[in-house]
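Scroll down for the structure; my scribbles are underneath it.
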Amino acid sequence: MTDQAPAIELRGISKAFGPVQANKDISIRVMPGTIHGIIGENGAGKSTLMSILYGFYKADAGEVFIAGKKTEIPDSQAAINAGIGMVFQHFKLVQNFTVLENVILGAEEGRLLRPSLSKARGALKKLAEEYELSVDPDALVQDLSVGHQQRVEILKALYRQADILILDEPTGVLTPAEADHLFRILDNLRAEGKTIILITHKLREIMEITDTVSVMRRGEMTATVKTAETSPEALAELMVGRKVLLRVDKAPARPGAKLLEIENLRLTDETGVQRLRGISLDLRAGEVLGIAGVAGNGQSELLEVLGGYGTATGIVRVNGVEIPLSGTGCTGQARRAAGIGHVPEDRHHDGLILPYTAWENACFGYHRDPAFQKGILMNNAAIREDAKGKMERFDVRPPNPNLAARNFSGGNQQKIVLAREIEHNPDILLIGQPTRGVDIGAIEFIHQQIIRLRNQGKAILLVSVELDEIFSLSDRIAVMFDGQIMGFRDAAQTDQRELGLMMAGITQDPGGDPLAAIDATLAAKEAREAAQHG
Amino acid sequence: MDFLTLLQVLDSTVRLATPLLLACLAGLFSERAGIFDIGLEGKMLMAAFFSAAVASLTGSVWLGLLAGIAGSMVLSGIHGLASITFRGNQLISGVAINFLAAGLTVLIAQDWFSQGGRTPSLMGGGRFNAITLPFADTLSGVPILGPIYAELISGHSILVYVAFACVPLTWWILFRTRFGLRLRAVGEAPEAVDTAGVSVVGLRYAAVAICGLLCGIAGAYLATGLQAGFVKDMTAGRGYIALAALIFAKWRPWHALSACLLFGLLQAVALRYQNIDLGGVIIPVQVMDALPYILTVVILAGFVGKAIPPRAGGEPYVKER
């Protein structure tokens, strides 16, 4: 083993964008047939490094060796020829092409398509059997689930005879079951002798599947260790540069008065499918109610209705007063006036206006506040001053209110939204996916803010697809499946297995193998939606 | 309306649809590759002028055709440079090309020929003349089919046949060849093409060049086939009508043929029937003349179904992750 050449070796790679040193003297060796993790916070330089490997950027200095041979990678074609395949975080697929067409694009056999297509069909079938990578070759990519689209990306790389597969944040968009399947595929690939580089910021994935791991921080490689010889805490410290609390410390909740009461909330979307089917819940002051569930089971709709930009039927009372669920009184503005703050699930789409500056974003929704007015004009100086304070208190980096929102990292964008909603002192805070795409240092901070708010006696409704997050923040947990609440559990008296079954629509532990029961409930759900759709 | 009149209207439909069809297919190649081209009009005009001018100077319509194509392709090159290499706004570049062509053609025409911005009338070898297909005369006696063959199918200039042959050819290139697959991909997801190791810039330039070629033929047909010489603004909005037809056809070659024939038919009817008497109500000729343009507005306003343009259309490709 020791005399075997590494599948891929980087020596002294450096790359600067203007004054920013994205990669500084990076060296790694990855042995064939292993999975190597690269972990680091957003902006640590992981993606830049991989872009250099895939010929997107040219390194300022350094050398790349593939299977012991020095290799120049001036463009993606050279990377493909060197046996490198890349699965990007944002898939590079042609949406209205079939799977087959996407697979052969750029790797066609000749000038005519027909022979390439039939060859690829055979190759795909073989790969599907070998690695559990089955996808319908004639399906249009736009009709595939995200998990299947990712398989197409992997198939693309394997069809091009890639020996080294780089995956950039592959689980960011996957459900837990899809992520498990992906890891099984990666296991199979490793067993076949492929070399895999896994870029992620999730410690759990690193611990679960990698053989070795490198940590990056601020463009430098701070450590490379064997996964078996390290711990999540040690890696987190290497990533952030200080000790990080992976668990949230919190005192038991002291629930107070009922602030939010929901009775029989129902919503049918424009295609005729019922998205909310009679939701009822109470939320008390001083508690966090976590709503768990696989994405797409009505959690988003629930948040939208409560936030004032969806219409529904049913009864919602805030502080004992009923609020309108449709018509002119049903606006985000009215909800904020009623004391509901809302951190939307999709901060890029609903939480921020990306091209606008941080100070503008920090006042949206509250821009009619008298403190922000000067006659008929906006008092921009006051808004800017206010934003500056918020950014300091919420540790937004860089603390420059004049920067456009899109120039901040995911974690800092989320802090801007959080600061805006929390500092306006709502009685009830709705939070959707608070740490999606957020780096670990910022996660710790955001979680602390949520608990601080709870301890101040606010009521918090948390929606998250991350079970870990639900567990570490919630006092009570409600599980949503197919537009209904399957049940409430005390966070201290349940476990991942019970919640996992409830997320698949099963409230009674079936005993034995639960997979058949899960399949049955999912099939029933799909059948209902299809019937309503038709 | 008797059978012969019908045939004549259809015959003129074919002639009038030809420049639209060529321009429409030109736009199809360009837009399928993600380069919106509002400058079809200008390219056709440029080609019309240079083909007429060179045909008039040399007496050879073939040299005229080449000159027309060259003129159109120069404008295509400018559009490519502005929108691919320099990542400028494709609409603005297209509008600029239209203005450039409108002014330049008249200016050069006045300078070369001093006839008030037009070229001399073309005669003999300076025009594309009608081709009589074999047996047209012999078969014209056969009922129904004979006249259809002799009047409608036979007796057009070579460029008409070229234009109609371009439809299956375009379909075949787009959907059966490697080049077509990549061309369609680059208009939908250039990043997928780029990461597959294929040059986005190269593909887009190729598409823009094909667009220039087809616009060149369209313009040359206008000045040397449909009419006999160049006059100021002789394209008369055909470039925009072709764009409307392209949207109507949802960027598909066979549908483009139908759309262009529809527009051609409207123009032919307007040409043939000056004032139409509909049971006492007389529809004035101006309404008929305006019909193709009205239909264009209706289509562009999106009344005819939902047309989804190529996803990456109009956006310069910037490499990023």
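Letters go in sequence order (proteins before strands), and every chain restarts at 1. Treat the numbers as computed from the prediction; the structure is a model and nothing was measured.
Ring geometry, A:Y57 versus A:F17: the interplanar angle exceeds 60°, so the pair is classed perpendicular (tilted spans 30 to 60°).
Counting heavy-atom pairs closer than 4.5 Å to chain B, the top residue among A:E109, A:E108, A:E101 is A:E108. Counting heavy-atom pairs closer than 4.5 Å to chain B, the top residue among A:I80, A:N96, A:L117 is A:N96. Annotation: maximal heavy-atom pairing with chain A below 4.5 Å, among B:T195, B:V198, B:I308, occurs at B:T195.
For the pair A:K92 and A:F88, the cation-pi test (distance below 6.0 Å, angle within 45°) is passed.
Checking A:I8, A:I164, A:T48 one by one against A:L53, the side-chain contact (heavy atoms from CB on, under 4.5 Å) holds for a single residue, A:I8.
Within the 4.5 Å cutoff, side-chain heavy atoms of A:L49 are placed close to those of A:M216.
Only the backbone of A:L93 comes within less than 4.5 Å of a heavy atom of chain B; no side-chain atom from C-beta onward does. At a 4.5 Å heavy-atom cutoff, A:N81 makes no contact with chain B through either its backbone or its side chain. Only the side chain of B:R311 comes within contact range of chain A, with heavy atoms under 4.5 Å apart.
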From CA spacing to verdict: side chain to side chain donor-acceptor pair (under 3.5 Å), A:Y54, A:D75: CA-CA 7 Å; A:Y54 202 65; A:D75 53 34; over 6 Å; no
